[in-house]
> 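Have a look at this one.
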Amino acid sequence: DWNGLMIAALAKAAKAFGDEGYERAARRAADNLLGTLRGADGRLLKRSRHGEAGLPAHLEDYAFAIWGLVDLYEATFEVGYLAAAVELTDATLRHFHDPRGGGFFHTADDGEELLVRSKDVYDGAIPSGNSAMALNLLRLGRMLSRPAWETIGLQTIEAFSGGMKRGYSQFSLMMTAVDFALGKGQEIVLAGSLKEVAPMAARVRKQFRPHTVLLHRPTVGAEGILALAPVLKSNVAVGGKATAYVCEGFACTAPTTDVGSL
């Protein structure tokens with residue numbers, strides 16, 4: 001679980017400060033996680049030592065890895081990290097989600113047989129997997145135009161709303177998910193090559209915009225992002241220049257090629 005949290009922290013620092021050192025560290029951590037802590041079936045493993053990985057991962061491991069990978073995508077526009085986040089989200093929904101009671105179990109449905117499969121939502125020094133997954137699903141649902149994922153994120157919040165009403169301070173990350181869901185969210189799509197969109201991306205990344213998601217639609221080699229988010233097909237560079245689309249619910253304002261207008 002610490003791997004995912006550190007990737008998220010390093011990626012956020014890379015975005016805020018434009019620091020290549022933080023970005024490199026985040027990439028190394030993510031590549032190590034995806035390269036050594038995933039089994040042949042794509043599922044996460046709990047620990048690695050001397051190159052040997054083992055033990056089935058728990059909800060927090062998945063939730064924090066997804067969190068870090070989404071932040072790293074926004075910091076680098078490397079679509080492979082976003083694709084990995086989607087794959088791990090699919091696995092989390094398949095093996096941990098409780099469609100009847102809402103929320104997510106701590107252990108997978110095919111893991112060690114227990115008398116009770118528990119759910120945890122307490123956000124202490126380390127946030128809970130349920131809170132992280134609620135926020136992950138809301139962010140990815142908005143980024144990729146997947147309303148079904150946003151619905152599950154909202155249902156996760158609702159599943160624990162009784163406890164939240166009794167004491168908000170114990171649910172800091174879950175309240176962040178609530179804020180994201182209720183806030184005036186925007187999707188910002190930058191179209192053009194990585195080099196061309198860099199000034200626009202830097203301007204957006206340096207601002208604290210907790211309700212905004214950021215996407216890159218390259219002019220060449222867009223197959224990867226379009227496979228994840230077909231809705232971006234029409235977000236193209238205008239006149240061969242880097243172009244920004246500012247959208248709400250993927251209803252976009254007129255595109256602009258000017259950083260100041262963005």
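The structure displayed is predicted, hence computed values, not measured ones.
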> Establish, yes or no, whether the cationic atom of Arg205 lies under 6.0 Å from the six-membered ring centre of Phe77 and within 45° of the ring axis.
yes
> Using distance alone, with no hydrogens and no angle criterion, decide if Thr89 and Thr92 have a side-chain donor and acceptor under 3.5 Å apart.
no
> Which heavy atom of Ala108 sits nearest a heavy atom of Phe96, and at what distance?
N-CE2, 3.3 Å
> Would Thr156 and Asn130 count as a side-chain hydrogen bond (donor to acceptor under 3.5 Å, both in side chains) if you check the C-alpha gap in whole Å, the side-chain angles of each, and the deciding distance to 0.1 Å?
CA-CA 7 Å; Thr156 302; Asn130 271 286; 5.3 Å; no
> Do you know which two heavy atoms are closest between Leu69 and Ala84, and how far apart they sit?
CD1-CB, 4.0 Å
> Which pair of non-hydrogen atoms, one from Phe180 and one from Pro210, has the smallest distance, and what is that distance?
CD1-O, 3.3 Å
> Specify the closest pair of heavy atoms between Leu232 and Leu226, including all atoms of both residues, with the distance to one decimal.
C-CD2, 3.7 Å
> Regarding Lys15 and Asp71, does a basic nitrogen lie under 4.0 Å from an acidic carboxylate oxygen?
yes
> Measure the OG-NZ distance between Ser128 and Lys119 for me, rounded to the nearest 0.5 Å.
12.5 Å
> Looking at CG of Leu215 and CD of Glu74, how far apart are the two atoms once the value is rounded to the nearest 0.5 Å?
7.5 Å
> Hey, what do you get for CG (Asp123) to CE (Met174), rounding to the nearest 0.5 Å?
7.0 Å
> Is any side-chain N of the basic residue among Glu87 and Arg38 closer than 4.0 Å to the acidic one's carboxylate O?
yes
> Could you give me the CA-CA distance, side-chain angles and deciding distance for Ile66 and Met133, then say whether side-chain contact (heavy atoms from CB on, under 4.5 Å) is met?
CA-CA 8 Å; Ile66 295 164; Met133 278 309 301; 3.9 Å; yes
> Which value, rounded to the nearest 0.5 Å, describes the distance between Met6 atom CE and Leu33 atom CG?
13.0 Å
> Measuring from His58:NE2 to Phe64:CZ, what's the distance to the nearest 0.5 Å?
13.0 Å
> So, do Lys184 and Glu248 sit near enough that their side-chain heavy atoms are less than 4.5 Å apart?
yes
> Between the main-chain N or O of Gly141 and the side-chain N or O of Ser145, is there a donor-acceptor pair closer than 3.5 Å?
no
> Using the rule given for side-chain contact (heavy atoms from CB on, under 4.5 Å), can you reason through Leu10 versus Arg28, listing the C-alpha separation, both sets of side-chain angles and the distance that settles it, and then say yes or no?
CA-CA 11 Å; Leu10 290 165; Arg28 285 198 302 270; over 6 Å; no
> Using 4.0 Å as the upper bound for N to carboxylate O, is an ion pair formed by Glu23 and Arg27?
yes
> Taking atom CD of Glu20 as the centre, report whether more than 12 heavy atoms of other residues, nucleotides or ligands fall under 6.0 Å from it.
no
> Take Asn136 and Tyr62 through the test side-chain contact (heavy atoms from CB on, under 4.5 Å) and record every step on the way to the result.
CA-CA 11 Å; Asn136 288 340; Tyr62 282 86; over 6 Å; no
> If you look at every heavy atom in Ala75 and Ala11, which pair is closest and at what distance?
CB-O, 3.8 Å
> Under a 3.5 Å cutoff, is there a donor and acceptor pairing between the side chains of His106 and Asp120?
no
> Answer with yes or no whether the side chains of Gln186 and Arg142 bring together a donor and an acceptor at under 3.5 Å.
no
> Go through His211 and Asp179 one step at a time and tell me if the side-chain hydrogen bond (donor to acceptor under 3.5 Å, both in side chains) criterion holds.
CA-CA 8 Å; His211 306 118; Asp179 180 68; 2.7 Å; yes
> Looking at side-chain heavy atoms only, is the closest gap between Arg217 and Leu190 below 4.5 Å?
no
> What are the two closest heavy atoms between Thr256 and Leu262, and how far apart are they?
CG2-N, 4.0 Å
> Donor-acceptor check, side chain of Thr243 to backbone of Lys241, threshold 3.5 angstrom: yes or no?
yes
> To the nearest 0.5 angstrom, please state how far the CG atom of Leu37 sits from the CG atom of Asp61.
8.5 Å
> Linking I/L/V/M/F/W/Y whenever their side-chain heavy atoms sit closer than 4.5 Å, directly or via other members, would Phe160 and Leu154 fall into one cluster?
yes
> Do Leu182 and Leu135 share a hydrophobic cluster, counting only Ile, Leu, Val, Met, Phe, Trp and Tyr and linking them when any side-chain heavy atoms are less than 4.5 Å apart?
yes
> Taking the side chain as every heavy atom from C-beta outward, state whether His216 and Tyr73 have any pair of such atoms under 4.5 Å apart.
yes
> Would you say that Glu196 contacts Thr257 through its side chain, given a criterion of any heavy-atom pair below 4.5 Å between the two side chains?
no
> If we only count heavy atoms from C-beta on, is the Tyr81 to Asp31 side-chain gap below 4.5 Å?
yes
> Grouping I, L, V, M, F, W and Y whenever their side-chain heavy atoms are under 4.5 Å apart, do Tyr122 and Phe104 come out in a common cluster?
no
> Is Met175 close to Met164 at the side-chain level, that is, under 4.5 Å between some pair of heavy atoms?
yes
> Is there a path of hydrophobic side-chain contacts, each under 4.5 Å between heavy atoms, that joins Val121 and Trp67?
yes
> Could you check whether any side-chain heavy atom of Pro218 comes within less than 4.5 Å of a side-chain heavy atom of Ile225, counting everything from C-beta outward?
yes
> Does the side chain of Ile188 reach to within under 4.5 Å of the side chain of Val213, using non-hydrogen atoms?
no
> Verify side-chain contact (heavy atoms from CB on, under 4.5 Å) between Val70 and Met143, making sure each step is shown before the conclusion.
CA-CA 10 Å; Val70 172; Met143 292 177 82; 3.8 Å; yes
